[in-house]
Amino acid sequence: MKMVTAIIKPFKLEEVRESLSTVSVQGITVTEVKGFGRQKGHTELYRGAEYVVDFLPKVKVEVAVKSDLLDQVIEAIEKAAKTGKIGDGKIFVHDIEQVIRIRTGETGVDAL
């Protein structure tokens with residue numbers, strides 16, 4: 001089992017969700033986050049004063065999947081989140097040792 005974590009642009013969330021549903025992903029967790037990388041933020045003007053916005057709004061999408069679905073999930077996220085411009089985001093893949101569904105007590109792949 002794998003945990004796929006993707007940091008994407010907020011306006012791409014719906015496209016990523018739709019793309020993941022086409023590859024049989026049943027559930028995702030979404031968190032609004034802020035961050036910066038090569039994009040480095042930008043300056044804005046507020047009431048005549050210029051200020052720097054270092055951390056830009058992003059969305060973190062987390063998906064737990066069976067290992068055999070991993071490549072399809074990564075491809076779905078890449079396709080849906082890509083704009084071709086700086087700041088498109090990153091995808092991280094982690095191993096999952098154990099999963100337990102609290103309601104039923106199911107474990108492992110059955111709990112996904």
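Keep in mind it's a predicted model, so treat the numbers as computed, not measured.
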For the student: nearest non-hydrogen atoms of [X] and [Y], plus distance:
X: K82; Y: K12; value: O-NZ, 3.8 Å
X: A80; Y: S19; value: CB-CB, 3.7 Å
X: T104; Y: E106; value: OG1-OE1, 2.9 Å

Do you reckon [X] sits in the same ILVMFWY cluster as [Y], going by side-chain contacts under 4.5 Å, direct or chained?
X: V63; Y: V30; answer: yes
X: L13; Y: V73; answer: yes
X: I74; Y: I8; answer: yes
X: V59; Y: V93; answer: yes

From CA spacing to verdict: side chain to side chain contact (heavy atoms under 4.5 Å, CB included), I77, V61: CA-CA 10 Å; I77 294 170; V61 178; 5.6 Å; no

Working for side chain to side chain contact (heavy atoms under 4.5 Å, CB included), residues V23 and L69: CA-CA 8 Å; V23 293; L69 282 178; 5.6 Å; no

Verdict with supporting geometry, L112 and Q26, side chain to side chain contact (heavy atoms under 4.5 Å, CB included): CA-CA 8 Å; L112 291 179; Q26 294 181 343; over 6 Å; no

Flag side-chain contact, heavy atom, 4.5 Å: K34 against K58: no

Hey, could you give me the [atom1]/[atom2] distance between [X] and [Y], rounded to the nearest 0.5 Å?
X: T29; Y: M3; atom1: OG1; atom2: CE; result: 7.0 Å
X: T22; Y: L20; atom1: OG1; atom2: CG; result: 7.5 Å
X: R17; Y: E14; atom1: CZ; atom2: CD; result: 4.0 Å

Using the rule given for side chain to side chain contact (heavy atoms under 4.5 Å, CB included), can you reason through K2 versus D95, listing the C-alpha separation, both sets of side-chain angles and the distance that settles it, and then say yes or no? CA-CA 5 Å; K2 303 289 184 180; D95 287 320; 2.3 Å; yes

Near E32 CD, under 6.0 Å, is it more than 12 heavy atoms from other residues, nucleotides or ligands? no

Using modelled atom types only, decide if a donor and an acceptor are shared between the side chain of T107 and the backbone of V99 within a distance under 3.5 Å. no

